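Structure first, commentary second.
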2 protein chains.
Amino acid sequence: MPEQPAGSRPTLEAVAARAGVSRATASRVVNGGAGVRRPLADKVREAVEELGYVPNHAARSLVTRQSGAVAVIIAEPEFRIFSDPFFEQQVRGISRELTAHDSQLVLLWVEGPGDYDRIARYLGGGHVDGALAFSLHDDDGLPALVHRSKVPTVYGGRPGAGAAAVPYVDCDNRGGARTAVRHLVGLGRERVAHIAGPADQTSAIDRADGYHDVLFDADPALTARGDFTVDSGARAMAELLARAPDLDAVFAANDLMAAGALRVLRERGRRVPEDVAVVGFDDMVTVAEAADPPLTTVRQDIEGMGRLMVRLLMRVLNHGGDRGPGAPASVIMPTELVRRASA
Amino acid sequence: MPEQPAGSRPTLEAVAARAGVSRATASRVVNGGAGVRRPLADKVREAVEELGYVPNHAARSLVTRQSGAVAVIIAEPEFRIFSDPFFEQQVRGISRELTAHDSQLVLLWVEGPGDYDRIARYLGGGHVDGALAFSLHDDDGLPALVHRSKVPTVYGGRPGAGAAAVPYVDCDNRGGARTAVRHLVGLGRERVAHIAGPADQTSAIDRADGYHDVLFDADPALTARGDFTVDSGARAMAELLARAPDLDAVFAANDLMAAGALRVLRERGRRVPEDVAVVGFDDMVTVAEAADPPLTTVRQDIEGMGRLMVRLLMRVLNHGGDRGPGAPASVIMPTELVRRASA
DNA sequence: GGAGTGGGTGGAAGCGCTCTCACGGCGTAC
DNA sequence: GTACGCCGTGAGAGCGCTTCCACCCACTCC
């Protein structure tokens, strides 16, 4: 005989009644069972099973003052979001790790500065315990906004100079770039060019810095700037070829631009890697492996970065959000050179 | 003087006190203000403003038994979310419309059949008021699972035959395909080939049906099958060329495959559109416009479909989820032929 | 053997909100 | 002038849960 009317879900009360214990004890068991003697705990678990009890999240939330949800804030300055495999992998990592922590992923899609109000209200409303955001452009007002809302936040990618000191997860852009350039130099290349990314994105800046770490006296004519798209890479390559026809290697700040460079190189009759060696960054598999020739590039563990963002956030959350001993140090993940045919 | 200790957020109680009304009246105002006289309502609104009051979602949820959240279920049978701009646009539409309805978007990333249990538990747990899912393969077990959980759900794309009758939003795949093929025929083409998509996806089936609607006695040799990827399109094109060297037009079931076809045609020295006219489907801007020559294709309002999914869901939700007079009829959105250079 | 100790258990308060219901005041009708 | 009805408002219950606190009992120690 069911102890509940068919329509509504069983409550903790029902579980307690069925197990012959108080609601308090039932609650203790449901939440891990610490401090409840074995036979009783088993009885409760049995009742939970039989009744198909699932805790009411709202009720729990109300008293614990924790929502069990984390916001993933997606700003959309351009349109490079979900279609960006990079981003997708990161979200997947986040999703997986959040699931492991029994937390929900609430997607907050920011429609532009006009939308900041809504976001602020939402974050300030205590709907989520924490937030995950991505650093995009230097002049983005979002980080400041998020910071003001006091919701513990972890960033993906090193925030620009303007932002307050916040915990973030990034890959070793600078070190990876150094490895790439050193590889090119090790191949005996003497005129190594660089196709840089946008000047207002830290990842691009760091990669350019890595290039200059190795080639500290590099010819300025050997650097051109793109915006991380295939076309911009092609344009930058054409520009470089015009300015420095004698170049014998290119380090592009990402795979997409490297693909664009490859196209131009092919069109101009330069053989890769014989005449010009090319190295990319990111190891976007669909791009790097499909390229002709397959792209030597710097791999980063994108999904791992997503997971790490969550772990970092959880640490902040568990430490009350202040700078305690377990305070949120940022994490830089190592990169790895993947050798294929292009260099 | 603040009526609340600095640490915690103001409650409705505080608002009521400040406005000099009862909690009940304050609540009425916060929820629209129906049945409250003007001066009082204004006083309450003022208090809300001054205190920066934001309703506690958990408390509200507890009594209304509504979560104010909608799950977006993303299954990942293969990796087709990967860089699928289609998907991104749909989610954007969903996000926007959900925001307009003051609902949250909870992302449920399904890791495969092994993950179904977790999803079922989550959906059954009353954490969300409804769900949005996407029909992928015919043999996907997810729809059945979702259906069993009793959570009102709207699908993106017509579910396969196996699924129960559920409300869905789709574009007019069949009609769009007819338009595309008619266009080709109108151009005077007499050997119109079709590169079909996966046989277990309704969108591919419907598009193939549209092709046959116009060319009901089409030569079977003029159809080859791909899997919606660029490479598969190229392979299918090569196959078609081998089987029917005299073909003078191709209708590909999506833009990606059309792009692959374009590549092969170019390699084989066939001029597009002079020798072979090509039409795609989807109007993925980045693909269709960047193609060489730019692709004539069938456009669908993807973001609009996302928005519509939400509206449909809201309708179901407001009607108690049963088949009432306002019951969930599915919606088929019109398509439109976009003429570019390839046909 | 009695008092002290401590862990296990239950009672009950209360999280912040919505909503039913009772009440009071005003307008209308006779 | 009195009776009736209706609209606006407030009191209060209760949503399902966690957790503080008091209580009880078994066990140990003097």
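A, B, ... follow the sequence lines: proteins, then strands. Residue 1 opens every chain. Because only heavy atoms are used, hydrogens play no part in the values below, and waters and symmetry mates are left out as well, while side chains stay in. Values in this document were obtained by computation on a predicted structure and should not be read as measured data.
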Practice problem: Would you please test Glu49(B) and Arg45(B) for salt bridge (charged side-chain N to carboxylate O under 4.0 Å, His left out) and show each step? | Solution: CA-CA 6 Å; Glu49(B) 196 63 36; Arg45(B) 272 189 267 269; over 6 Å; no
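Contact between the side-chain N/O atoms of Arg65(B) and the OP1/OP2 oxygens of dG16(D) is found at a separation under 4.0 Å.
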Quiz prompt | Protein proximity profile, nucleotides 17-28 of chain C - base contact B, sugar-phosphate-only contact S, no contact -, cut-off 4.0 Å on heavy atoms | solution = BBB---------
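Tested against Leu132(B), the residues Ile94(B), Thr153(B), Val169(B) include a single side chain to side chain contact (heavy atoms under 4.5 Å, CB included) partner, Ile94(B).
A donor-acceptor distance shorter than 3.5 angstrom exists from the side chain of Thr99(A) to the backbone of Ser95(A), with no hydrogens or angles considered. Of the possible polar contacts, none joining the Asp170(A) side chain to the Ile332(A) backbone as a donor-acceptor pair under 3.5 Å is found. In this structure, Asp115(A) contributes its side chain and Val110(A) its backbone to no donor-acceptor pair below 3.5 Å. Not a single donor-acceptor pair under 3.5 Å links the side chain of Arg23(B) to the backbone N or O of Leu12(B). A donor-acceptor pair is defined here as one N or O able to donate and one able to accept, closer than 3.5 Å; such a pair exists between the side chain of Arg9(B) and the backbone of Val54(B).
Rounded to 10 degrees, the angle between the two end axes of the helix from dG1(C)-dC30(D) to dC30(C)-dG1(D) is 50°, with five pairs used at each end.
Residues Val106(B) and Ala69(B) approach most closely at CG2-CB, 4.0 Å, considering heavy atoms.
The CZ-P distance, from Arg37(A) to dC25(D), rounds to 12 Å in whole Å. Atom CZ in Arg9(A) sits about 8 Å away from atom P in dC17(D), given to the nearest Å.
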